[in-house]
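Proteins get letters first, then strands, A, B, ... in listed order; numbering begins at 1 in each.
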Amino acid sequence: MDMIKVGMADLKVVKAPKMLTTLGLGSCVGIALYDKINKIAGLVHIMLPSSDEIKKNQNKAKFADTGVILLVENMIKEGADKTNLTAKVVGGSQMFSFKKNNSILKIGERNVLATKKKLQELNIQIVSEDTGGNYGRTIQLNTKDGSLLVKTIGHGTKII
Amino acid sequence: MDSENFNSTILDVLKEIGNIGSGNAATALANMLSKRVNMNVPKVKIIEFKDVPMIVGGEEKLVVGIYLNLRDDVKGNILFLLDMESAINLVNLLLNKKVKELDDISISALSEVGNIVASSYVNSLSALTGLKVKISVPSLAIDMAGAILSVPAIQFGLISDHVLLIETIFKEGENFVKGKLFLLPDIDSYKKILSNLGVL
């Protein structure tokens, strides 16, 4: 099995039979896009909701807004058709909890919201998601059928 | 803040904070255990995001993370990270028993150590800068390294593509405890620290 790893603030596009994985998603969000007709898959591992929060944005894959756009562009370059794309969204946990609210700790939730907003703007349907909670997740995107394996420590394994 | 600025004077100052802090932490641990605790010279590094999980043995490695908020003159966070072996060694030293897994009492003991260690570094930061810093009650998580490290990585992600790490090994007899501490002041506090140290 040819498994391509996507790091933090990173994105990759592959064609079947190659597969994509990103390990240990916490408050970050993994966005898996899939073109089932052309069997092209893309995965981005974003860290922050919006590129507006930072002045010099060198890495587009770091943010939900710019990351999703860049991923779609790269998939189209590889031969995907935008109208075929569907999305799966995973991650956005709150790993630590405190009594007092802290915006940085709510970042997981904000990452998920920003991701959904951007996907909606681009008219890409979210077919499934596994978000929130207080635990980490590893995901594997199968390019043959677009299925997404979600692994955790102590919170089970599932395919979404 | 770019990484090149980081690498010279600032790094030296941060190293000093790391050294003094680790010394304080070793003394505090020794008092708590009533045993002699040695430590190595702490390694202070500025590393890139993508290399962060590698230093703890991969994104999926099970680790213990203890997270605290900083308040007053310096705002931000501290993350103290232990690999499972070190966490269990530390619990066995503290509770004077031989556990193989972490139970509730172990977790509470580890949180307390996190508190003491974080205080040691914060006191050193405070002493060197003259800034008043307080820490919150710790929050502890046991999970994949990648997931736990995403929290400080995100926090530093607003400032740069690099994170600051202080790595210390505490040693009591045959027992090693490898601790990794991430000091994460927010951007304004960061400037305040550097300006009080006379490097900005």
Side-chain angles (χ1 to χ4, degrees), chain A residues 5-10 21-30 45-59 61-64 90-108 110-111 133-140 150-155, chain B residues 1-3 48-54 56-71 75-81 84 101-102 111 114 135-163 184 186-187:
Chain A
K5 196 175 142 185
V6 178
M8 202 181 263
D10 186 16
T21 185
T22 195
L23 312 175
L25 282 166
S27 300
C28 297
V29 170
H45 180 149
I46 63 102
M47 303 174 71
L48 291 159
S50 166
S51 57
D52 296 340
E53 290 179 32
I54 192 162
K55 283 185 194 107
K56 11 171 230 188
N57 174 18
Q58 296 148 321
N59 184 356
K62 198 195 276 184
F63 305 92
V90 177
S93 293
Q94 182 172 340
M95 299 304 297
F96 296 97
S97 56
F98 289 96
K99 277 178 195 153
K100 277 187 189 169
N101 281 344
N102 179 334
S103 70
I104 202 83
L105 292 171
K106 296 251 178 222
I107 198 82
R110 288 169 51 214
N111 278 336
N134 62 352
Y135 52 89
R137 298 169 172 94
T138 280
I139 54 175
Q140 287 175 8
V150 184
K151 294 194 287 182
T152 67
I153 294 178
H155 296 269
Chain B
M1 177 74 46
D2 61 49
S3 57
E48 282 190 58
F49 286 146
K50 59 178 177 60
D51 300 327
V52 170
M54 284 307 130
V56 288
E59 290 92 340
E60 291 184 291
K61 177 133 178 163
L62 189 61
V63 296
V64 177
I66 303 157
Y67 204 60
L68 306 97
N69 293 322
L70 302 176
R71 284 199 307 270
K75 291 179 179 60
N77 294 91
I78 280 185
L79 174 69
F80 185 55
L81 203 71
M84 236 12 203
E101 282 179 9
L102 300 178
S111 298
I135 57 170
S136 71
V137 173
S139 172
L140 184 142
I142 305 170
D143 212 306
M144 296 179 194
I148 285 177
L149 287 164
S150 73
V151 180
I154 284 171
Q155 206 142 5
F156 246 63
L158 288 168
I159 305 173
S160 81
D161 276 319
H162 297 74
V163 292
L184 308 150
D186 68 19
I187 192 152

Working to the nearest 0.5 angstrom, can you tell me the gap between [X] [atom1] and [Y] [atom2]?
X         : Y        : atom1 : atom2 : result
His45(A)  : Glu59(B) : NE2   : CD    : 8.5 Å
Glu60(B)  : Thr21(A) : CD    : OG1   : 7.0 Å
Leu23(A)  : Lys61(B) : CG    : NZ    : 14.5 Å
Ile148(B) : Ser27(A) : CD1   : OG    : 10.5 Å

Are any of the side-chain heavy atoms of Cys28(A) and Ile154(B) separated by less than 4.5 Å?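 The answer is yes; the side chains approach within 4.5 Å.
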Hey, are the side chains of Asn77(B) and Phe96(A) touching, using non-hydrogen atoms and a 4.5 Å cut-off?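 No - every pair of side-chain heavy atoms lies 4.5 Å or more apart.
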Which bit of Asn134(A) comes within less than 4.5 Å of chain B, counting heavy atoms only: side chain, backbone, both or neither?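 Just its backbone gets close to chain B.
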Please flag which part of Leu25(A) lies under 4.5 Å from any non-hydrogen atom of chain B: side chain, backbone, both or neither.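 Looking at Leu25(A), just its backbone touches chain B.
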Against chain A, label Leu140(B) side chain, backbone, both or neither, depending on which of its atoms sit under 4.5 Å from a heavy atom there.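 Backbone of Leu140(B) only, per the 4.5 Å heavy-atom cut-off to chain A.
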Taking side chain as everything from C-beta outward and backbone as N, CA, C, O, which of these in Leu68(B) sits under 4.5 Å from a heavy atom of chain A? Side chain, backbone, both or neither.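 For Leu68(B), the contact with chain A is made by the backbone alone.
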Met95(A) to Ala141(B) - nearest heavy-atom pair and separation: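 Where Met95(A) meets Ala141(B) most closely, the heavy atoms are O-CB, 3.6 Å.
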Can you name the closest pair of heavy atoms from Gly26(A) and Ser150(B) and give their distance?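 Shortest heavy-atom contact: CA-OG, 3.5 Å.
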